[in-house]
Amino acid sequence: MSKEIQFYKYQGAGNDFILIDNRNGSFDAGNQQLIQKLCDRRFGIGGDGLMLLQDTNNYDFQMLYFNSDGKEGTMCGNGGRCLVAFARDLGIIQTDTVFLAVDGKHDAQIEQNTVNLGMIDVEEFHKDGEAFVLNTGSPHYVQFVEDLSEKDVFQAGYAIRNNSTYGEKGINVNFIEEEGNGYFVRTFERGVEDETYACGTGAVASAMSVAIKSGNDGYFEIPIRVLGGQLLISFHKKGHQFKNVYLSGPANLVFEGKIDIS
């Protein structure tokens with residue numbers, strides 16, 4: 001007997017996700033093989049990851065995020081923005097929300113298709129050679145480069161993600177270059193094991209690296225261009241601490257449908 005599920009496909013600056021309303025708990029979150037198959041771009045729906053919107057106490061909803069390899073992931077910023085848009089489209093929220101994710105609570109505001117998502121505070125960073133290493137909900141390596149549009153991000157990112165420093169867990173790898181009044185960032189994401197069109201936590205880590213490099217404290221608002229569009233990162237920096245961190249950008253429904261998972 002066939003079993004169909006309703007799914008929704010959203011994208012935020014080219015970072016694309018399969019979203020499922022799992023408030024009834026019917027989707028098996030432990031089925032790694034199924035999640036992997038749904039995320040496959042040839043044999044499934046296709047996506048950088050899959051998210052379940054779940055019921056939880058004391059919050060509007062809970063975000064459960066899985067990478068395209070089927071394993072539960074750390075925080076995904078663009079995924080969080082897409083899930084906020086999904087919650088609005090389902091009628092769960094209107095313009096403001098507080099929800100629960102793997103790294104704790106997040107607040108967000110949505111206006112039309114722009115979502116401003118509150119991220120966790122960052123209390124520390126360190127350097128690996130000339131690169132900066134920060135955890136913005138997911139661990140990130142940020143390297144300043146030149147001629148980023150020509151760079152082989154897959155090869156360079158793969159090598160860093162899999163080197164002995166970061167071990168089996170690995171790290172997300174970002175390359176950043178100044179352009180105009182902002183910055184251009186390209187990211188190799190662990191779990192996807194490839195370059196993605198955008199990475200929200202990576203854009204945040206990259207913007208923080210810009211602030212660290214400047215040597216200044218205070219309020220920063222940094223435009224970050226990614227392959228899939230434009231993001232805006234803002235925060236207050238004092239020494240090694242970053243507070244009131246926000247990731248703002250587009251989140252759009254691409255299509256919806258049903259798929260047989262029997």
Side-chain angles (χ1 to χ4, degrees), residues 13 15 65 67 73-81 101-107 116-146 148 151 153 156-179 181-192 195-196 198-226 231-249:
N15 226 176
Y65 174 73
N67 286 311
T74 47
M75 181 57 187
C76 177
N78 287 326
R81 293 189 309 95
V102 67
D103 60 344
K105 73 173 184 177
H106 291 261
D107 69 287
N116 190 36
L117 174 66
M119 306 292 285
I120 61 166
D121 292 345
V122 174
E123 305 286 341
E124 59 181 5
F125 63 85
H126 68 270
K127 292 191 77 175
D128 179 350
E130 290 300 305
F132 297 95
V133 178
L134 311 93
N135 192 315
T136 54
S138 290
H140 284 277
Y141 175 106
V142 182
Q143 184 180 90
F144 285 81
V145 298
E146 294 179 353
L148 180 52
K151 191 170 185 66
V153 167
Y158 181 91
I160 295 164
R161 180 256 187 267
N162 289 290
N163 72 21
S164 58
T165 303
Y166 302 105
E168 195 179 324
K169 284 187 176 179
I171 196 164
N172 300 288
V173 183
N174 307 271
F175 301 100
I176 180 171
E177 180 179 42
E178 189 172 0
E179 64 169 23
N181 66 343
Y183 292 82
F184 178 37
V185 172
R186 294 175 65 188
T187 303
F188 180 96
E189 283 198 61
R190 64 174 192 174
V192 180
E195 181 177 9
T196 55
C199 175
T201 53
V204 171
S206 298
M208 288 177 177
S209 299
V210 170
I212 296 164
K213 210 175 175 196
S214 76
N216 298 324
D217 283 348
Y219 177 72
F220 286 82
E221 199 171 81
I222 298 173
I224 298 281
R225 181 174 73 87
V226 293
L231 300 168
L232 184 67
I233 320 299
S234 63
F235 49 78
H236 282 93
K237 174 182 176 290
K238 186 177 182 182
H240 283 208
Q241 295 187 326
F242 299 84
K243 296 188 180 297
N244 300 316
V245 183
Y246 281 89
L247 165 67
S248 182

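- Side-chain contact check for V173 versus Y166: every heavy-atom pair is 4.5 Å or farther apart.
- In terms of heavy atoms, H106 sits closest to L117 at CB-CD1, 4.1 Å.
- Applying the salt bridge (charged side-chain N to carboxylate O under 4.0 Å, His left out) criterion to D121, with sequence neighbours excluded, gives K243.
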**OP:** Given side-chain contact (heavy atoms from CB on, under 4.5 Å), test L231 with N78 step by step and report yes or no.
**Re:** CA-CA 10 Å; L231 300 168; N78 287 326; 3.9 Å; yes

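- Of all heavy-atom pairs between V226 and F184, the closest is C-CE1, 4.2 Å.
- S209 contributes atom OG, which lies 5.5 Å from atom CZ of F144 (distance to the nearest 0.5 angstrom).
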**OP:** Please test I160 against F175 for side-chain contact (heavy atoms from CB on, under 4.5 Å), starting from the C-alpha separation and ending with a verdict.
**Re:** CA-CA 11 Å; I160 295 164; F175 301 100; 4.1 Å; yes

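- Contact check for N15 versus E189: side-chain heavy atoms found under the 4.5 Å cut-off.
- For the residue pair Y246/D107, the side-chain donor-acceptor check at 3.5 Å is satisfied.
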Run the side-chain donor-acceptor check on residues 135-143: report pairs under 3.5 Å with partners two or more places apart or on a different chain.
residue : atom : partner : partner atom : Å
N135    : OD1  : G137    : N            : 2.9
N135    : OD1  : S138    : N            : 3.3
T136    : OG1  : T201    : O            : 2.9
S138    : OG   : T74     : OG1          : 2.5
S138    : OG   : M75     : N            : 3.4
S138    : OG   : M75     : O            : 2.7
H140    : ND1  : N174    : ND2          : 2.9
H140    : NE2  : T201    : OG1          : 2.7
H140    : NE2  : G202    : N            : 3.2
Y141    : OH   : Q143    : NE2          : 3.2

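- At most 12 non-hydrogen atoms from other residues, nucleotides or ligands lie less than 6.0 angstrom from NZ of K169.
- Although no hydrogens or angles enter the test, the distance criterion places a donor-acceptor pair under 3.5 Å between the side chain of K237 and the main chain of G239.
- Sparse packing is recorded around CD of E124, with 12 or fewer heavy atoms of other residues, nucleotides or ligands lying under 6.0 Å away.
- In this structure, R225 contributes its side chain and G182 its backbone to no donor-acceptor pair below 3.5 Å.
- Here the closest heavy-atom approach between residue C199 and residue T187 is recorded as CB-CG2, 3.8 Å.
- Looking at heavy atoms from C-beta onward, M208 lies in side-chain contact with F235 at the 4.5 angstrom threshold.
- Rounding to the nearest 0.5 angstrom, the gap separating the CG atom in D217 from the CD1 atom in I212 is 11.0 Å.
- Within the model, atoms CZ of R190 and CD of E168 stand 11.5 Å from one another, a figure rounded to the nearest 0.5 Å.
- For the pair A13 and R81, the tightest heavy-atom approach, listed with the atom from each and the gap, is N-NH2, 4.3 Å.
- Between S206 atom OG and L134 atom CG the span is 9.0 Å, to the nearest 0.5 Å.
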**OP:** Go through the steps to decide whether F242 and H236 satisfy the test side-chain contact (heavy atoms from CB on, under 4.5 Å), and finish with yes or no.
**Re:** CA-CA 6 Å; F242 299 84; H236 282 93; over 6 Å; no

**OP:** Apply the test side-chain contact (heavy atoms from CB on, under 4.5 Å) to residues V245 and V122: give CA-CA distance (whole Å), side-chain angles for both, the deciding distance (0.1 Å), then the verdict.
**Re:** CA-CA 9 Å; V245 183; V122 174; 5.5 Å; no

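- No more than 12 heavy atoms of other residues, nucleotides or ligands shown are found within 6.0 angstrom of OH on Y158.
- For Y183, there are no side-chain hydrogen bond (donor to acceptor under 3.5 Å, both in side chains) partners, not counting sequence neighbours.
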